[in-house]
Amino acid sequence: MKNKSLTFKIFLSTFSVGVLVYFLCAFIFITNMYSYFEKQIFKELKTESTLLEGYDLSEASSDLSSIKKLKTLNRITLIHPDGTVYFDNTVNPADMENHALRSEFLKAKESGVSTSSRYSSTMLEKTLYFAKQLERGDILRISCDQHTVGVLVLGMSQILLVMLVIAMIISGITASLLSRKIIEPLNKINLEDPESSDVYEELKPFTKRIAEENFEKSQREELRQQFTANVSHELKTPLTSISGFAEILKEGGTDEKTTKDFAGTIYDESQRMITLVNDIIKLSKLDEKSISLEKEALSLREITREAMEVISPLAEKKNVSLNLAGDSGLINGVRPVIYEMVYNLIDNAVKYNKDNGIVSIKIETISESHRVILTVHDNGIGIPEREKERIFERFYRIDKSRSRQPGGTGLGLSIVKHAARYHNASILVNSKEGEGSTFTVIFSL
């Protein structure tokens, strides 16, 4: 179902409120007016009862025939204390039932004066009663009929309908103008620079969020452009080397040793390209969160041992010792991603270490805070203070000439950062140039 426009929703809400207010006001007016007229009728009945008290209202009095001839629309009834009706100006008293149980009769005997009302069987009329106890104990009751609220509304239906139409027209015009007025600032929001727009106070978090997203979008675009340029640059160097050596070999005339050296160089450069492409693919998957493997219970110590076995030939070549300490470090994660993170941390610690250096790896489970901490420490070349903020950037190298020698792609720490983020882990770096570095990864269980 297609969503209706905000303008229409505001219009509909405002219009509905206007119509609802009309009905509410009409209801309050009619009920209050009806109540007011009812009170006035009771006052008139009371006044008439006072006038009638000037007559002799005993059963044998001749005044009773005079009362019967009075020009009044009200019904006058006289009742003995036992409930027997002895006079009524509209009905023969002999045909009337005993009134001893009537509410107005009982209340008048109890308190001297009473008022009550009863609806007719059709509920279209109700009778209002005023009863008063006379000095000798008889009860004088005066009553009249009154239309109910429903009949009153039907009688006023024409004027009420006209008022409803007028109210709907006014509500419609007001709602239309108001909805356009409310929407106008929204339509004027500058999406390129939303915070400069004059908007409602309630919308400022929204415009701020758009501004942040615009900034993030521009940063992502800038990073993408930098990444594309860096990939092109990184691939160009080995491809140029491969192309040059291959061209020499194609011409022929090289001796066996030179051919072997050239072939070895071509192989090394192609391996560099394969490693670079693999790292780019890993980063892309982490960026897009397109890893389809489910998280499982893993031993961080077991994965670290696997990574150490792969890296140990390089460590032996550089005379760097690898030491592992701590517990099993049980975490929940994706094995290939965790392995890449651990591998790159240890690989960097070996590559950028000194001869006869040391790489210490420690895994610690802290049950109280539900955390597992992985620490990789080396006593290698270290990281200058000014460079710490940039080491996780893609292709960023502190010393490009020196970092190329170990065969790095410049993507290792970027993979570490994205892998940690994928597992909601945090990374801390503590390093001093010439003294070594310590990378700490904190997993929340």
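Values in this document were obtained by computation on a predicted structure and should not be read as measured data. Hydrogens, waters and symmetry mates are skipped; everything else that's a heavy atom, side chains included, is used.
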Novice: Please name the pair of heavy atoms, one in Ser328 and one in Ser299, separated by the smallest distance, quoted to 0.1 Å.
Specialist: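 In this case the closest contact between Ser328 and Ser299 is O-OG, 3.2 Å.
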
Novice: In this structure, which one of Leu345, Val441, Ile363, Thr440 forms a side chain to side chain contact (heavy atoms under 4.5 Å, CB included) with Thr375?
Specialist: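 Passing option: Thr440.
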
Novice: Going from CD1 on Ile366 to CD on Glu368, what distance comes out if it is rounded to the nearest 0.5 angstrom?
Specialist: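 Here the rounded value is 7.5 Å.
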
Novice: Has the side chain of Asp347 got a donor or acceptor atom that lies under 3.5 Å from a matching backbone atom of Tyr343?
Specialist: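 No.
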
Novice: Quick one: closest heavy-atom pair of Arg102 and Arg118, and the distance?
Specialist: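 Taking Arg102 first and Arg118 second, the nearest heavy atoms are NH1-NH2, 3.3 Å.
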
Novice: Using modelled atom types only, decide if a donor and an acceptor are shared between the side chain of Thr31 and the backbone of Ile28 within a distance under 3.5 Å.
Specialist: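 Between the backbone of Ile28 and the side chain of Thr31 there is a qualifying donor-acceptor contact (under 3.5 Å).
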
Novice: When you look at Lys43 and Glu48, which way does the salt bridge (charged side-chain N to carboxylate O under 4.0 Å, His left out) test go after all the steps?
Specialist: CA-CA 9 Å; Lys43 284 182 180 180; Glu48 189 167 336; over 6 Å; no

Novice: To the nearest 0.5 Å, what is the distance between CG (Leu140) and CD1 (Ile79)?
Specialist: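 The distance works out to 8.5 Å.
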
Novice: Main chain of Ala419, side chain of His423: is a donor-acceptor contact present, judged purely on distance under 3.5 Å?
Specialist: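 Checking the backbone N and O of Ala419 against the side chain of His423, a donor-acceptor pair under 3.5 Å is found.
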
Novice: Could you check whether any side-chain heavy atom of Arg75 comes within less than 4.5 Å of a side-chain heavy atom of Ile142, counting everything from C-beta outward?
Specialist: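 Not in contact.
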
Novice: Less than 3.5 Å apart, any donor N or O on the side chain of Thr127 or Asp145 sitting next to an acceptor on the other?
Specialist: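 Checked: Thr127/Asp145 side chains pair up, N/O donor to acceptor below 3.5 Å.
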
Novice: If we only count heavy atoms from C-beta on, is the Phe443 to Asn332 side-chain gap below 4.5 Å?
Specialist: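 In short, these two side chains do not touch, never coming nearer than 4.5 Å.
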
Novice: Show the nearest heavy-atom pair for residues Ser16 and Leu12, with the distance to one decimal.
Specialist: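 Heavy atoms of Ser16 and Leu12 come nearest at OG-O, 2.7 Å.
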
Novice: Under 6.0 Å from the NZ atom of Lys362, do we count more than 12 heavy atoms belonging to anything else shown?
Specialist: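 Atom NZ in Lys362 is not crowded, with 12 or fewer foreign heavy atoms closer than 6.0 Å.
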
Novice: I'd like to check His99 versus Arg141 (side-chain heavy atoms, cut-off strictly below 4.5 Å). Are they in contact?
Specialist: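 Yes. Closest side-chain heavy atoms under 4.5 Å.
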
Novice: Which atom names give the shortest non-hydrogen contact between Ala108 and Ala131, and what distance separates them?
Specialist: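 Scanning both residues completely, I find the closest heavy atoms to be CB-CB, 3.8 Å.
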
Novice: Does any non-hydrogen side-chain atom of Tyr22 lie less than 4.5 Å from one of Met168?
Specialist: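 Result no, sub-4.5 Å side-chain heavy-atom pair not found.
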
Novice: Can you tell me how far the CD atom of Glu302 sits from the CG atom of Leu330, to the nearest 0.5 Å?
Specialist: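 Atom-to-atom, Glu302:CD and Leu330:CG are 10.0 Å apart.
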
Novice: Please check if the side chain of Ser312 supplies one atom and the backbone of Glu309 the other of a donor-acceptor pair under 3.5 Å.
Specialist: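 Looks like yes, one N/O pair under 3.5 Å.
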
Novice: Looking at Glu306 and Arg301, is any side-chain nitrogen of the basic one under 4.0 Å from a carboxylate oxygen of the acidic one?
Specialist: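 No.
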
Novice: Of all the heavy-atom pairs spanning Gly333 and Leu298, show the shortest one and how long it is.
Specialist: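 Minimum heavy-atom contact is O-CD1, 3.4 Å.
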
Novice: Give me the one residue out of Ile442, Thr365, Ile331 that meets side chain to side chain contact (heavy atoms under 4.5 Å, CB included) with Arg371.
Specialist: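 Passing option: Ile442.
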
Novice: With side chain to side chain contact (heavy atoms under 4.5 Å, CB included) as the criterion, how do Ile303 and Arg335 come out once you've worked through the C-alpha distance, each side chain's angles and the decisive distance to 0.1 Å?
Specialist: CA-CA 8 Å; Ile303 293 173; Arg335 175 178 281 274; 3.7 Å; yes

Novice: Measure from the side-chain N and O atoms of Asn379 to the backbone N and O of Ile358, and report whether any donor-acceptor pair falls under 3.5 Å.
Specialist: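 Yes, the answer is positive, given that a donor and an acceptor are paired below the 3.5 Å cut-off.
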
Novice: Decide side chain to side chain contact (heavy atoms under 4.5 Å, CB included) for Glu38 and Lys126; before the verdict, give the C-alpha distance in whole Å, the side-chain angles of both, and the deciding distance to 0.1 Å.
Specialist: CA-CA 11 Å; Glu38 187 176 272; Lys126 73 174 182 177; 2.4 Å; yes

Novice: Cation-pi check, Lys107 to Tyr129: give yes when NZ or CZ is under 6.0 Å from the six-membered ring centre and within 45° of the ring axis, no otherwise.
Specialist: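 So Lys107 doesn't make the cation-pi contact.
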
Novice: Thinking salt bridges, do Glu104 and Lys132 make one under a 4.0 Å N-O criterion?
Specialist: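 Salt bridge flag = no for Lys132 with Glu104.
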
Novice: Within this structure, what is the CG-CE distance for the pair Leu324 and Met308, rounded to the nearest 0.5 Å?
Specialist: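 With rounding to 0.5 Å, CG (Leu324) is 5.0 Å from CE (Met308).
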
Novice: What I'd like to find out is whether the side chain of Val376 reaches to under 4.5 Å of the side chain of Asn348, using heavy atoms alone.
Specialist: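 With C-beta onward as the side chain, the pair stays apart.
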
Novice: Less than 4.5 Å apart, side chain to side chain, heavy atoms only: is that true for Val359 and Ile361?
Specialist: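 A side-chain contact under 4.5 Å exists here.
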
Novice: Once you round to the nearest 0.5 Å, how far does CD1 of Ile41 lie from SG of Cys144?
Specialist: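 Ile41 atom CD1 to Cys144 atom SG measures 4.5 Å (nearest 0.5 Å).
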
Novice: Mind running side chain to side chain contact (heavy atoms under 4.5 Å, CB included) on Leu20 and Leu24 for me, showing each step along the way?
Specialist: CA-CA 6 Å; Leu20 182 64; Leu24 184 63; 5.6 Å; no

Novice: Is there side-chain contact between Leu374 and Val342, with heavy atoms separated by less than 4.5 Å?
Specialist: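 Leu374 vs Val342: side chains touch.
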
Novice: Considering all heavy atoms of both residues, which atom of Leu106 and which atom of Leu101 are nearest to each other, and what is their separation?
Specialist: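 It is CD1-O, 3.9 Å.
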
Novice: If I take atom CG from residue Leu128 and atom CZ from residue Phe37, how far apart are they, to the nearest 0.5 angstrom?
Specialist: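 Answer for the CG-CZ pair, Leu128 versus Phe37, is 13.0 Å.
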
Novice: Please answer whether the main-chain N or O of Gly172 pairs with a side-chain N or O of Ser176 as donor and acceptor at a distance below 3.5 Å.
Specialist: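 The answer is no, because no donor-acceptor pair under 3.5 Å joins these two groups.
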
